[in-house]
Undergrad: 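Quick one: this structure, given as structure tokens, is what I'll be asking you about.
Atoms within a ligand are numbered from 1 in the order they appear, just like the ligands themselves. Heads up: numbering here begins at 1 and tracks the sequence.
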Amino acid sequence: MSIQVFEKENIFKLDTGNTSYIMSVMDDGHLLHLYYGAKLNEADLTYLGTPHSRVSFWAIQPGSDYSADSMALEYSGSGTADLRPCSVTTVDEDGDNVTDLRYDSYTLSSGKPKLPGLPCVYLNEGQEAQTLCITLKDAVKDLYVDLYYTVFAFSNAISRFTVIRNEGKQAEILEKAMTSTLQFHGKDYDLIHLHGAWAREFNVERSPISHTTQVISSFRGSSSHIANPFAVIAKKDAGEDSGEVYGMNLIYSSNFMVETELDAFDTLRVNLGINERGFAWKLNPGESFTTPEAILVYSENGLGEMSRTYQKLYQHNLIRGKYRDIPHPVLLNSWEGVYFDFDAKKILSMASAAAKLGIDLFVLDDGWFGKRDDDTCSLGDWVVNEKKLGCTMKELVDDINKLGLDFGLWFEPEMISPDSDLYRAHPDWCLHQKKRNPSLARHQLILDMSRKDVQDHVVETVSKVLSSANIRYVKWDMNRNMAEIGSALLPNERLGELFHRYILGVYSVMERITSAFPDVLFESCSGGGGRFDAGIMHYMPQNWTSDDSDAIQRLNIQYGCSFVYPPSVMTCHVSAVPNHQVHRVTPMKTRANVAMQGSFGYELDMSKLSEEDKAAVIEQVKEYKKYAHLVIDGLQYRLISPVNSNECAFMVVSEDKSTAIVTYVKKLNDPNPCTTRLYLKGLDENAKYRERDTGKVYNGKALMTAGLNLPDMKEDFDSLRMVFERV
Ligand code: DGJ
């Protein structure tokens, strides 16, 4: 890892272990992007930076020989000659909507800065990193743009974020503020992204980049089920284990955009940052705005290596708290077992069945507070419904602890039901537009988390419940998109700040609560994966991946999620059959084999399980716990993609390559089937491995290059789990 600055030649070169990133300053002060890719010894690539000379229609700014429209700009201003999608837009009080950015200065430092109020990658003790800050300036406005780049000694990822500073005399309205812009040459690229909907998140879509502008975005007030703040620019020939890919992921949980444009000269620009739709931030003189952080990962060895780079960095340098390094408890969640229909007796009967099967923690989901027996009321009234339970929370938790289980509780802290004491007392605490009746989703409104009084109230009420009993886990849900955005406190001219202020408020509340309860395991949820992003991961090391826990549907969901997020963050549960979402009946074995890919648990009424299923649960829990450390610190390999395929296979290998677990699932069985040969990955090629169930010993290299024939499957949705130990 190193950052080199060649002052005479005006060249900046960032090196990670395997990659280089090169920029230079042109004579007219524009900062050019020259290269990002496999590591180079050469720094001077300025010969690549010569853009097209004069062409009709292209505007050329005074003092320049070339049009900015033809340059691979590292971070593009707006309202000048560069008419492609820009990185930043500012408008001052005179209506000057130009932002003309030219090189000003640079600083180089060791370590990595924190981002104020925003989640970000951090360094552990003894870890090294270097940070370059290049400052660009609009001289007319006295507006400065600081571009931050960090390279790490322990990862091939590059971190970027941007600070926009108003040193001028007038207020500026920031209408667009991208975290990063990347420039590519040629039209030989595909765009890969993750799209979905509630209960079917994380679908991987790959499409050619054409001569158009494409935008992947969320305008829902959260990262959303619909899209994820992640994209890959992949060479057309790139696949799982070969070819050039560029991953980009925003550490952010609200509205975002990835914007790509392939121009008429086959230059591809990719912007990543907060969605410009609905965004306008007033920067008074002396104020600054910090964008969220983006993590860029280049790999010349395909998508698998890119994913492992993200997973490792996020597992060890983004997630925090004690559950970063230790296996998460195996839990039983009450939701699909009983929904809102429970009292303490029912809960204790489920918990007592769970305790006998080896479960660590019982989670009481929605319905324990206010007068909530369905989803029409009480959000905001975080007061235990003792009438419904038949006891206090402390009594219930103590009884569960006596069974040998820890206890966890569901909250939806950002929400308020119109039918709640909180709403009756503070009707202006929700996001709303004064002249309009608000749209409801699941009968609920959203608290205005941009307000300090609302933030304090949430911290106080949630903390009070958490302090009232021995609560060791929190499921933090968030169940709607935003509409009719408005705030009773924010001045009208600052309405465009509300989405971002909301999420800053959420981050602040999460920081306060999680640091006050360091022993509690926090799981984020948003109707499943509606806010499954790297931002939330900084506060909560687990995320409910989807409300669809059907093992077959989960193959696609977990496959897509693995493109960027670590396995430990994915909460995966075995649920009852027929499955509540798709009504499919899958074998118990397969439900467990699929769920063991992440942080494992159950979501059914354990008191109703057959004796055979109970015996299976005992074995599954033992098996999971035996290898649970691999979910935290193993390396994950995708062997067969489930997308448009009847099969799926993935494996995890311990860092020292001594243990590997392979999971194979076949969706529909066929008669007289072809033999599936699986080629394993990530093993020690000089070692021998014994497969646990058959006792057969194989050569590591042979398993990877010659492969392994799998036995025929016995029924639809059948699966296989193989454990290989080095001998
Ligand atoms: C949505 C979540 O995804 C479910 O798991 C459950 O917690 C419900 N909310 C409860 O209302």
Undergrad: Applying salt bridge (charged side-chain N to carboxylate O under 4.0 Å, His left out) as the test, list every pair that has at least one member in residues 502-522; sequence neighbours left out.
TA: R320-E511, K322-D519, D456-R512
Undergrad: For the ring pair Y252 and H538, is the centre-to-centre distance below 6.0 Å?
TA: no
Undergrad: For ligand 1, list every N/O pair with the protein closer than 3.5 Å, one pair per line with the distance.
TA:
residue  : atom   : partner : partner atom : Å
ligand 1 : 3 (O)  : G528    : N            : 3.2
ligand 1 : 3 (O)  : D547    : OD1          : 2.5
ligand 1 : 3 (O)  : D547    : OD2          : 3.0
ligand 1 : 5 (O)  : K475    : NZ           : 2.7
ligand 1 : 5 (O)  : W544    : NE1          : 3.4
ligand 1 : 5 (O)  : D547    : OD1          : 3.3
ligand 1 : 7 (O)  : D365    : OD1          : 2.7
ligand 1 : 7 (O)  : D365    : OD2          : 3.2
ligand 1 : 7 (O)  : W410    : NE1          : 3.1
ligand 1 : 7 (O)  : K475    : NZ           : 3.0
ligand 1 : 7 (O)  : D477    : OD2          : 3.3
ligand 1 : 9 (N)  : D477    : OD2          : 2.7
ligand 1 : 9 (N)  : N479    : ND2          : 3.4
ligand 1 : 11 (O) : D366    : OD2          : 2.7
ligand 1 : 11 (O) : R442    : NH1          : 2.8
ligand 1 : 11 (O) : R442    : NH2          : 2.8

Undergrad: What about F202 and Y559, are their ring centers closer than 6.0 Å?
TA: no
Undergrad: Quick one: do K346 and D605 make a salt bridge, cutoff under 4.0 Å?
TA: yes
Undergrad: When you measure from the centre of the six-membered ring of W544, is the NZ or CZ of R554 under 6.0 Å away and within 45° of the axis?
TA: yes
Undergrad: Determine whether the aromatic ring centres of residues F411 and W382 are separated by less than 6.0 angstrom.
TA: yes
